[in-house]
Undergrad: 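My questions will all concern the structure given below.
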Amino acid sequence: MKSRSSSQPTTRPGPFFLAAAFAVLGVIGTYLYFVHTTTGQYIDESALVEAAVPREKIGLQVSYFLDLLPIISVVIGLVVILFVTIFRKRWLASGIAILAMAGANLSTQLFKSALPVRPDQGIATLNFNSLPSGHSTLAASAAAAVFLVVSPRWRPFAAFIGGSFAILSGSSTLINQWHRPADVLAAYLVVAAWTCIAGWLILRSGRSWNVWQGYSAHWASSRLWPLLSALLGVAAAVLATIVLGRLATPGTQSSTDYFFSGVAMIVIAGYLLTVAGILLFSFAARRPRLSSG
């Protein structure tokens, strides 16, 4: 009996649908805590109010970026998808990625219109619902669409760049006082759920090219990208811990502490999902081990 290796990846639906379920539960949990509890509302609203301080310095530039964000997101996503479709002949994968991108953005708008107004928890805040963030969903879904259609060896790099772009976009909506941190978190989780479902379909239908050669096969698949994402997420978590610990001291007054905590939340969530996406797709698209035939 000779040993042989197959280039066909193993694509089980369980991990993808489980990850999608966790993302949906994350959206629900984010909504319940940051909208329906006094503490959550206070943290979220304080970050939004304190964003006025950095906005005075860079608000104009951020506003220009946000105005261009829809065009930037769509152009980047469509250019990459068009390139992959034409030159790599990944018609089905491109179609699934575009549908997932549309589904994420439609879901965000449906959630935003269907969810009731923010309940009165004694916090001075506008009562209309702004969760999830539409701009953050658009940016994250465009990045996710690119991640879905590129070859496995490019996915770690694409995940890091796309995740960083989504984090920058989400932080910009906070700086410009368009959205609270929880709105951005919910947007990321909506996109994550759709990416998991679309990813399973793409890996299942594109077995010939979804083959994982390992982290050392190409610079774009280097362990540097998930490691860098994890380190940036940990750094943001340390910052949030220090800032929130300082706020716990009696008599402490905050001018930007809640704002920086809100930005840290966005960074943590963005890079945590980036690392999770790299690990999930790398595992699912791996080259099977040698087996006796």
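It should be emphasised that the depicted structure is a prediction, and the values quoted were computed from it without experimental measurement.
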Undergrad: Filter on ring pair (Phe, Tyr, Trp, His ring centres under 6.0 Å), then keep only pairs touching residues 80-100, sequence neighbours left out; what's left?
TA: F83-F87
Undergrad: Measure the CD1-OG1 distance between I43 and T39 for me, rounded to the nearest 0.5 Å.
TA: 6.5 Å
Undergrad: Only pairs at least two apart or in different chains count here, so list each salt bridge (charged side-chain N to carboxylate O under 4.0 Å, His left out) that has a residue in residues 164-181.
TA: E45-R180
Undergrad: So how far is it from N129 CG to F111 CZ, rounded to the nearest 0.5 Å?
TA: 11.0 Å
Undergrad: Can V191 and T195 be said to form a side-chain contact (heavy atoms from CB on, under 4.5 Å), step by step?
TA: CA-CA 6 Å; V191 173; T195 302; 3.7 Å; yes
Undergrad: Decide whether L168 and F157 are clustered together by the hydrophobic rule: side chain heavy atoms of Ile, Leu, Val, Met, Phe, Trp, Tyr closer than 4.5 Å, transitively.
TA: yes
Undergrad: Kindly list each side-chain donor-acceptor pair under 3.5 angstrom involving residues 261-273, sequence neighbours excluded, with atom names and distances?
TA:
| from | atom 1 | to | atom 2 | distance (Å) |
| --- | --- | --- | --- | --- |
| S261 | OG | D257 | O | 2.9 |
| Y271 | OH | S164 | OG | 2.8 |

Undergrad: Quick one: are L280 and C196 in side-chain contact, heavy atoms under 4.5 Å?
TA: yes
Undergrad: Between I197 and F16, does the side-chain contact (heavy atoms from CB on, under 4.5 Å) criterion hold? Intermediate values first, please.
TA: CA-CA 6 Å; I197 297 171; F16 288 90; over 6 Å; no
Undergrad: Taking ring pair (Phe, Tyr, Trp, His ring centres under 6.0 Å) as the test, write out the residues that go with F260, two or more places apart.
TA: none
Undergrad: Say whether V146 and L82 are linked into one hydrophobic cluster, either directly or through other cluster members, by side-chain heavy-atom distances under 4.5 angstrom.
TA: yes
Undergrad: Taking only residues at least two apart or on different chains, which pairs with a member in residues 171-199 satisfy ring pair (Phe, Tyr, Trp, His ring centres under 6.0 Å)?
TA: H135-W178
Undergrad: OH of Y33: more than 12 outside heavy atoms within 6.0 angstrom?
TA: yes
Undergrad: Is K112 reaching over with its side chain to a backbone N or O of P132, donor-acceptor style, under 3.5 angstrom?
TA: yes
Undergrad: For W212 together with F283, are the ring centres under 6.0 Å from each other?
TA: no
Undergrad: Just wondering, do V243 and L239 contact through their side chains at under 4.5 Å, heavy atoms?
TA: yes
Undergrad: Counting heavy atoms not belonging to L110, are there more than 12 under 6.0 Å from its CG?
TA: yes
Undergrad: Distance from L78 atom CG to I98 atom CD1, nearest 0.5 Å?
TA: 6.0 Å
Undergrad: Given L189 and T30, is the side-chain contact (heavy atoms from CB on, under 4.5 Å) satisfied, shown in steps?
TA: CA-CA 10 Å; L189 290 165; T30 299; 3.9 Å; yes
Undergrad: Less than 4.5 Å apart, side chain to side chain, heavy atoms only: is that true for P119 and V35?
TA: yes
Undergrad: Does a side-chain heavy-atom distance below 4.5 Å link L174 with F259?
TA: yes
Undergrad: Are R55 and Q177 close enough that a side-chain donor and a side-chain acceptor fall under 3.5 Å?
TA: yes
Undergrad: Nearest 0.5 Å, please: how far is CD1 in I123 from CG in D44?
TA: 11.0 Å
Undergrad: When you group the ILVMFWY residues by side-chain heavy-atom contacts below 4.5 Å and let the links chain together, are I72 and I161 in the same group?
TA: yes
Undergrad: Scan residues 127-141 for pairs that pass salt bridge (charged side-chain N to carboxylate O under 4.0 Å, His left out), counting only residues two or more places apart or in two chains.
TA: none
Undergrad: Minimum heavy-atom separation for L138 and M101, please, with both atom names.
TA: CD1-CE, 4.2 Å
Undergrad: Okay, side chain of S151, backbone of W154: is any donor-acceptor separation there less than 3.5 Å?
TA: no
Undergrad: Heavy-atom distance under 4.5 Å between the side chains of F165 and S73, does that happen here?
TA: yes
Undergrad: Heavy atoms only: give me the nearest S136-G170 pair and the separation to one decimal.
TA: OG-CA, 3.5 Å
Undergrad: Go through the structure and list residues passing ring pair (Phe, Tyr, Trp, His ring centres under 6.0 Å) with F147, not counting sequence neighbours.
TA: F281
Undergrad: Can you list every pair that meets salt bridge (charged side-chain N to carboxylate O under 4.0 Å, His left out) and has a residue in residues 120-141, with sequence neighbours left out?
TA: none
Undergrad: Scan residues 137-150 for pairs that pass side-chain hydrogen bond (donor to acceptor under 3.5 Å, both in side chains), counting only residues two or more places apart or in two chains.
TA: N105-S141, T108-T137
Undergrad: Taking side chain as C-beta onward, heavy atoms only, is Y31 less than 4.5 Å from L115?
TA: yes
Undergrad: Side chain of R155, backbone of L148: donor and acceptor closer than 3.5 Å?
TA: yes
Undergrad: Taking I167 as the starting point, is it possible to reach L231 by hopping between hydrophobic residues whose side chains are less than 4.5 Å apart?
TA: no
Undergrad: With side-chain contact (heavy atoms from CB on, under 4.5 Å) as the test, would you mind laying out the steps for F160 and L228 before giving the verdict?
TA: CA-CA 8 Å; F160 176 75; L228 187 56; 3.3 Å; yes
Undergrad: In this structure, is the centre-to-centre distance between the rings of Y42 and Y258 below 6.0 Å?
TA: yes
Undergrad: Would W219 and V150 show up in the same hydrophobic cluster when neighbours are defined by side-chain heavy atoms closer than 4.5 Å?
TA: yes
Undergrad: Among Ile, Leu, Val, Met, Phe, Trp and Tyr joined by side-chain contacts under 4.5 Å, find the other residues sharing a cluster with I242 and list them by chain and number.
TA: V234, V238
Undergrad: Could you note down all residue pairs passing side-chain hydrogen bond (donor to acceptor under 3.5 Å, both in side chains) where residues 221-237 supplies at least one of them, sequence neighbours left out?
TA: none
Undergrad: List the atom pairs, donor and acceptor, that lie under 3.5 Å between side-chain atoms in residues 198-205 and the rest of the protein, sequence neighbours left out.
TA:
| from | atom 1 | to | atom 2 | distance (Å) |
| --- | --- | --- | --- | --- |
| S205 | OG | L201 | O | 2.8 |
| S205 | OG | I202 | O | 3.4 |

Undergrad: Heavy atoms only: give me the nearest T85-S94 pair and the separation to one decimal.
TA: OG1-OG, 2.5 Å
Undergrad: Please name the pair of heavy atoms, one in G40 and one in F34, separated by the smallest distance, quoted to 0.1 Å.
TA: O-CD2, 3.5 Å
Undergrad: Are a donor atom and an acceptor atom from the side chains of R90 and N210 found within less than 3.5 Å of each other?
TA: no
Undergrad: Could you grab the distance from atom CZ of R153 to atom CH2 of W209, nearest 0.5 Å is fine?
TA: 12.5 Å
Undergrad: For the side-chain contact (heavy atoms from CB on, under 4.5 Å) test, which of V75, I81, I76 pairs with V79?
TA: V75
